[in-house]
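Encoded as structure tokens, the structure appears first; notes follow it.
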Amino acid sequence: MGKRKGSISHRKDGRYMGRYTAILPNGIKTVQAVYGKTRAEADKKLRDIIVEADRGKTVSRDGQTLEEFVEYWLENIAPLKIKVTTISRYKDTLRLHILPSLGQKRLLSIEPMLVQRLIIEKYKKTKSAKCCVNIKNTLSSVLKSALQLQLIYYNLAVGVSLPKYTVKEKKIWTKEQLNTFLQEAEKSSTYYPIYKLMSYGLRRGEALGVRRQDIDFNEGTLLLEQQVVALDGKPYICGLKTAGSRRTLPLSKDVLDILKNVKIVSNNDDLIFTTSHGTPILPRNLYRDFERVVKVVALPHISLHALRHMAATFLKDAKVDPKTVQSILGHASITTTLQFYQHSNLDNKREAFTAYDTLIGQF
């Protein structure tokens, strides 16, 4: 193989991967890979491409497929700049929606029309504009790296058109319905303290990630700086969603008393809320319990995340200004806060029209 060296390793999926140093058109060196079902196949591909390099031919994997590059990207590039939770979502989108159609296409042979057709077909099948957005964003992220490595000439996912995406207004409960839920949860659910925190504007993962050292019982405050999310079907502790999510919140005496009475059996960083074995709670288990309690009290079905939305709405009803609501909810942008801040319950709308009728009746 001349002066250049390569290495072959056996992957968990049973295939063999050969690594080599590729020289891009601009002279930059980068480590790339070839794949084979057997060691001999991977070795042959590796030898062939190194021979080309030894002959003075610039090596830029023109024949590399999207699937081959995706595997290299997931293993070597994505972990450098993307959160593990985002990578997990990307993997699902790639596996379910992108690679079955485009995986075996050469990078340089994929044209925008192929991606556009994929988007159109997925929308016809799923009727989900959000699914199409995920496909475009995931593929664009992958191809951005391919473009930076000069394996392609442009990011062909950028100009793809998407179906219209309409954000539906979130259904929420009235204050009375929320109290009904919390009263039942207090009687029948060990997760009651978590629901109580979420009703104050915490995300599900933020509430699950609260530790004893995050609570200052003397000052009556709670520091939020980690969360529990699901990763590959298991609970995973990580940082918060954005830099603005890290915040300190005041706690009422009622909430402080509830948290003082939580029995800690944690095996991991003194988490307040755990399973009976002391391990982090899997987010979906919380959702299952939430649905159970909702059915018991026969309340309208809403999402668990709506508890957080209700906090924004009730703070608005209490005449709290949007900037303060933003700091309480931990939104990175005031625009996000204003989207939830526009929620208003039916009673408020009735009061508004009553006031309006009174006003125009004066003329």
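Both backbone and side-chain heavy atoms feed into the values below; hydrogens, waters and symmetry mates do not.
- Remark: side-chain polar atoms of S141 are not paired, donor with acceptor, to backbone N or O of N137 under 3.5 angstrom.
- Between the side chain of S327 and the backbone N or O of T324, at least one donor-acceptor pair lies under 3.5 Å.
- One N or O on the side chain of N155 and one on the backbone of S140 form a donor-acceptor pair closer than 3.5 Å.
- The closest side-chain heavy-atom distance from I302 to V294 is not below 4.5 Å.
- In this model, no donor atom of one side chain and acceptor atom of the other lie less than 3.5 Å apart for Y72 and E68.
- V70 and V142 get closest at one heavy-atom pair: CG2-CG1, 4.0 Å.
- A ring pair (Phe, Tyr, Trp, His ring centres under 6.0 Å) check over residues 178-221, counting only residues at least two apart or in different chains, returns the pairs W173-F181, F181-Y195, F181-F290.
- Pairing each heavy atom of I272 with each of V262, the nearest pair is O-CG1, 3.5 Å.
- For the pair R247 and E225, the salt-bridge criterion is not met [side-chain N within less than 4.0 Å of a carboxylate O].
- Side chain of Q116 to main chain of S161: a donor-acceptor pair is present (N/O by atom type, distance under 3.5 Å, no hydrogens or angles).
- Using a 4.0 Å cut-off between a side-chain N of Lys or Arg and a carboxylate O of Asp or Glu, R211 and D214 qualify as a salt bridge.
- E206 places no side-chain N or O within 3.5 Å of a backbone atom of Q227 that could act as its donor or acceptor partner.
- A cation-pi arrangement is not found for R39 relative to Y16, the charged atom failing to lie both closer than 6.0 Å to the ring centre and inside a 45° cone about the ring normal.
- Without hydrogens or angle criteria, S109 side chain to R106 main chain gives a donor-acceptor distance under 3.5 Å.
- Using modelled atom types, one side-chain atom of N261 and one backbone atom of D257 make a donor-acceptor pair closer than 3.5 Å.
- Residues Y123 and P163 share a closest heavy-atom pair of CD1-CG, 3.6 Å.
- Under the 30°/60° scheme for interplanar angles, the aromatic rings of H305 and H309 are found to stand perpendicular.
- Salt bridge status for R15 with D13: present, with a side-chain N to carboxylate O gap under 4.0 Å.
- Side-chain atoms of K136 come within 3.5 Å of backbone N or O of V158 as a donor-acceptor pair.
- Side chain to side chain, T180 and E184 fail the donor-acceptor criterion of an N or O pair below 3.5 Å.
- Using a 4.0 Å cut-off between charged side-chain N and carboxylate O, E75 and R19 make a salt bridge.
- Using a 4.0 Å cut-off between charged nitrogen and carboxylate oxygen, E121 and K125 do not count as a salt-bridge pair.
- Looking at K196, its side chain never comes within 3.5 Å of a backbone N or O of L182 through a donor-acceptor pair.
- Residues T93 and N134 bring no donor and acceptor atom of their side chains to less than 3.5 Å of each other.
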Could you check K316 against T313 for side chain to side chain contact (heavy atoms under 4.5 Å, CB included), going step by step and ending with a plain yes or no? CA-CA 5 Å; K316 168 188 174 293; T313 299; 5.5 Å; no
